[in-house]
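Here is the structure we will look at.
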Amino acid sequence: MSGCSWANVNQRNQKYHDEEWGIPVHEDRQMFEHLMLECLQCGLSWDLILKKRKIFRECMDYFDYEKIACYTEEDVERLLHTEGMIRSRRKIGTV
């Protein structure tokens, strides 16, 4: 697939473009993950978010919204101090 210049930056963006971008999502956890990625991306490049996606999944219980709903201030602190994680309290607070 071709056409979107942003997708031609690297293989990671191309894979996201071809396999996820613009494809309807019907599974709640996957939809929640996309929403959280959008929140974390604000002001940053989408490529950076895709690069850190594995870290986000591991740190945030694979975007299990029922677990995340029970996060405490200790969990926020854990996220903020995780190597490779975005260290914005405002962004982490949206999770």
Side-chain angles (χ1 to χ4, degrees):
M1 191 177 264
S2 64
C4 296
S5 59
W6 64 265
N8 296 325
V9 172
N10 57 41
Q11 187 176 9
R12 179 177 42 250
N13 280 5
Q14 190 67 54
K15 182 176 181 353
Y16 175 78
H17 176 276
D18 293 351
E19 297 176 12
E20 292 185 70
W21 187 71
I23 297 173
V25 173
H26 303 286
E27 197 272 316
D28 289 345
R29 192 219 42 87
Q30 189 179 9
M31 192 175 294
F32 182 72
E33 177 178 354
H34 284 275
L35 177 64
M36 291 300 92
L37 293 176
E38 290 285 344
C39 291
L40 293 166
Q41 184 272 334
C42 186
L44 302 171
S45 74
W46 191 249
D47 185 50
L48 178 66
I49 298 307
L50 293 177
K51 182 178 180 180
K52 293 180 173 282
R53 194 175 195 180
K54 182 176 185 245
I55 295 167
F56 299 153
R57 284 177 172 161
E58 291 170 356
C59 288
M60 294 185 243
D61 293 298
Y62 294 85
F63 295 100
D64 181 331
Y65 50 86
E66 291 178 345
K67 288 182 181 179
I68 291 173
C70 297
Y71 276 11
T72 64
E73 182 59 30
E74 291 174 356
D75 292 302
V76 172
E77 288 298 320
R78 174 183 54 82
L79 292 172
L80 289 170
H81 292 93
T82 299
E83 183 71 31
M85 186 62 172
I86 290 175
R87 292 193 171 102
S88 168
R89 181 169 289 281
R90 286 185 173 183
K91 289 182 181 187
I92 298 302
T94 65
V95 173

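Along the sequence shown, residues are numbered consecutively beginning with 1.
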Can you find a pair of side-chain heavy atoms, one from R53 and one from R57, that are under 4.5 Å apart?
yes
CE on M36 to CD on E33, rounded to 0.5 Å:
10.5 Å
To the nearest 0.5 Å, tell me how far K91 NZ sits from L40 CG.
7.0 Å
Out of curiosity, C4 SG to Q14 CD, how far, rounded to the nearest 0.5 Å?
8.5 Å
Would you call R29-E66 a salt bridge at under 4.0 Å N-O?
no
So with a 6.0 Å cut-off around CD of E74, is the heavy-atom count from everything else above 12?
no
For I86 and L44 the tightest heavy-atom approach is CD1-CD1, 3.6 Å
Report yes or no: do L35 and F56 belong to one cluster of Ile/Leu/Val/Met/Phe/Trp/Tyr joined by side chain heavy-atom distances under 4.5 Å?
yes
Report yes or no: do V76 and Y62 belong to one cluster of Ile/Leu/Val/Met/Phe/Trp/Tyr joined by side chain heavy-atom distances under 4.5 Å?
no
Cluster question for you: counting only ILVMFWY and a side-chain heavy-atom cut-off of under 4.5 Å, with indirect links fine, are L50 and M31 together?
no
Between D75 and T72, is any side-chain donor less than 3.5 angstrom from a side-chain acceptor?
yes
Check L79 against M60 and note the closest heavy-atom contact, atom names and distance.
CD2-CG, 4.0 Å
Which heavy atom of L80 sits nearest a heavy atom of R89, and at what distance?
CD1-NH2, 3.4 Å
Once you round to the nearest 0.5 Å, how far does CG of L37 lie from OH of Y16?
7.5 Å
For a side chain to side chain contact (heavy atoms under 4.5 Å, CB included) check, start with the C-alpha distance between E77 and E73, then their side-chain angles and the critical distance, and finish with the verdict.
CA-CA 6 Å; E77 288 298 320; E73 182 59 30; 3.3 Å; yes
I'd like to know if the side chain of D64 reaches the main chain of K67, judged simply by a donor and an acceptor atom lying under 3.5 Å from each other, with no hydrogens or angles considered.
yes
Lys/Arg-Asp/Glu bridge criterion (N-O < 4.0 Å) met for E58, K54
yes
What's the shortest heavy-atom distance between T82 and C59, and which atoms?
CG2-SG, 3.3 Å
L48-V9 co-clustered via ILVMFWY side chain contacts under 4.5 Å:
no
Kindly state whether the ring of W6 and the ring of W21 have centres lying under 6.0 angstrom apart.
yes
For Q11, I'd like to know if atom CD has over 12 heavy atoms of other residues, nucleotides or ligands within 6.0 Å.
no
Which of parallel (below 30°), tilted (30 to 60°) and perpendicular (above 60°) describes F63 and F32?
perpendicular
